Novice: 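Quick one: the structure is below, questions incoming.
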Amino acid sequence: MLSNEGRIIYDILSDITGDSEVYKIVDADEITEKLPADTAFTKVQLSQIIRELKDSDYVDIKYFTPDEYCLRIIKRIVEAPQPVAENEEKAVEPAEVKQRELYGKKQGGGTVRPGLVLFMSFLGGIIGSGFVAAVTAILLKFVI
């Protein structure tokens with residue numbers, strides 16, 4: 001989800017580059033001219049916002065300098081930010097809290113118990129060293 005600043009810059013870049021999905025050189029002054037009257041960014045802030053847009057896959061940047069950007073807009077649906085009350089917190093399901101307590105943090109596709117990783121590493125080391133010892137014993141018996 002984009003921040004309000006990111007939304008403003010994305011809309012301005014979309015307006016400047018148009019509907020074509022080709023790389024265009026955009027001057028930083030051209031972006032700041034189109035900013036709303038109540039909003040002002042320095043070139044450093046503008047660069048940070050454009051980097052955030054790049055990291056979020058809203059723009060693709062070929063190169064940039066503090067004064068100009070060679071970029072293209074990636075067409076995406078930009079959702080409006082939803083206001084959140086100050087005293088309102090994210091509701092956490094009781095089952096989710098219990099699962100976190102029992103199994104630890106979520107890892108990739110599923111949950112992993114903290115001690116399970118240590119045990120599986122230890123078990124893999126034993127099996128691997130056992131395999132190497134068996135191959136060595138066979139080689140020593142038949143080759144030497």
Side-chain angles (χ1 to χ4, degrees), residues 1-139 143:
M1 181 175 227
L2 285 178
S3 64
N4 287 336
E5 295 87 11
R7 237 181 108 74
I8 292 169
I9 299 300
Y10 180 80
D11 291 339
I12 291 172
L13 291 174
S14 296
D15 185 46
I16 292 172
T17 59
D19 290 336
S20 64
E21 291 191 12
V22 296
Y23 288 93
K24 293 198 177 182
I25 297 174
V26 180
D27 191 38
D29 294 329
E30 187 178 356
I31 297 171
T32 54
E33 287 173 2
K34 294 194 175 212
L35 285 172
D38 61 339
T39 308
F41 297 122
T42 64
K43 289 184 179 181
V44 173
Q45 291 172 325
L46 185 62
S47 293
Q48 290 173 345
I49 294 170
I50 291 177
R51 277 193 206 114
E52 289 173 10
L53 289 172
K54 179 187 179 295
D55 293 341
S56 301
D57 292 329
Y58 283 94
V59 296
D60 187 23
I61 299 175
K62 192 178 259 186
Y63 72 88
F64 68 94
T65 66
D67 294 325
E68 69 180 16
Y69 304 90
C70 181
L71 53 83
R72 72 179 174 97
I73 297 294
I74 299 172
K75 299 296 178 192
R76 294 183 64 173
I77 298 173
V78 180
E79 61 274 345
Q82 298 176 357
V84 177
E86 292 178 15
N87 58 358
E88 182 180 326
E89 293 182 20
K90 180 185 170 192
V92 178
E93 299 291 325
E96 185 178 337
V97 172
K98 187 174 182 181
Q99 183 179 12
R100 285 185 196 163
E101 291 172 357
L102 287 176
Y103 299 113
K105 298 179 182 177
K106 278 200 162 214
Q107 303 286 329
T111 56
V112 179
R113 292 185 184 181
L116 185 62
V117 175
L118 179 65
F119 175 72
M120 295 305 285
S121 299
F122 182 69
L123 186 62
I126 290 174
I127 292 171
S129 61
F131 179 74
V132 169
V135 169
T136 304
I138 292 171
L139 287 176
V143 174

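As the structure is a computational prediction, the values presented were derived from the model and not from experiment. Only this structure's heavy atoms are used, side chains among them; waters, hydrogens and symmetry mates stay out.
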Novice: Return yes when atom NZ of Lys24 has more than 12 non-hydrogen atoms of other residues, nucleotides or ligands closer than 6.0 Å, and no otherwise.
Specialist: yes
Novice: Please name the pair of heavy atoms, one in Lys43 and one in Pro66, separated by the smallest distance, quoted to 0.1 Å.
Specialist: CD-O, 3.7 Å
Novice: If only atom types and distance count, is the side chain of Lys62 paired as donor or acceptor with the main-chain N or O of Cys70 below 3.5 Å?
Specialist: no
Novice: Go through the steps for Leu71 and Thr17 under the test side chain to side chain contact (heavy atoms under 4.5 Å, CB included), then give the verdict.
Specialist: CA-CA 9 Å; Leu71 53 83; Thr17 59; 4.2 Å; yes
Novice: For residues Tyr23 and Asp60, determine if any side-chain heavy atom of one lies less than 4.5 Å from a side-chain heavy atom of the other.
Specialist: yes
Novice: Determine whether Asp29 and Asp67 satisfy the following criterion, side chain to side chain contact (heavy atoms under 4.5 Å, CB included), listing intermediate values before the conclusion.
Specialist: CA-CA 7 Å; Asp29 294 329; Asp67 294 325; 6.0 Å; no
Novice: How many angstroms lie between CD1 in Ile31 and CG in Leu46, if you round to the nearest 0.5 Å?
Specialist: 4.5 Å
Novice: Would Ile49 and Tyr10 count as a side chain to side chain contact (heavy atoms under 4.5 Å, CB included) here? Give the steps.
Specialist: CA-CA 9 Å; Ile49 294 170; Tyr10 180 80; over 6 Å; no
Novice: What closest approach, in Å, do Ala40 and Gln45 show between heavy atoms, and which atom pair accounts for it?
Specialist: O-OE1, 4.1 Å
Novice: Measuring from atom CD1 of Ile12 to atom CD of Glu33, what distance do you get when rounded to the nearest 0.5 angstrom?
Specialist: 10.5 Å
Novice: Working to the nearest 0.5 Å, report the span between OG of Ser121 and CD1 of Ile126.
Specialist: 11.0 Å
Novice: Let me confirm one number: the CG-CG distance from Leu35 to Asp11, rounded to the nearest 0.5 Å.
Specialist: 11.5 Å
Novice: Using the six-membered ring wherever Trp is involved, compare the ring planes of Tyr69 and Phe64 and label them parallel, tilted or perpendicular (cut-offs 30° and 60°).
Specialist: parallel
Novice: How about Arg72 and Ile74: do any of their side-chain heavy atoms sit closer than 4.5 Å?
Specialist: yes
Novice: With rounding to the nearest 0.5 Å, note down the distance linking NZ in Lys34 to CD1 in Ile16.
Specialist: 5.0 Å
Novice: Let me confirm one number: the CG-CD1 distance from Leu123 to Ile127, rounded to the nearest 0.5 Å.
Specialist: 4.0 Å
Novice: Is the closest side-chain heavy-atom distance between Leu53 and Ile61 below 4.5 Å?
Specialist: no
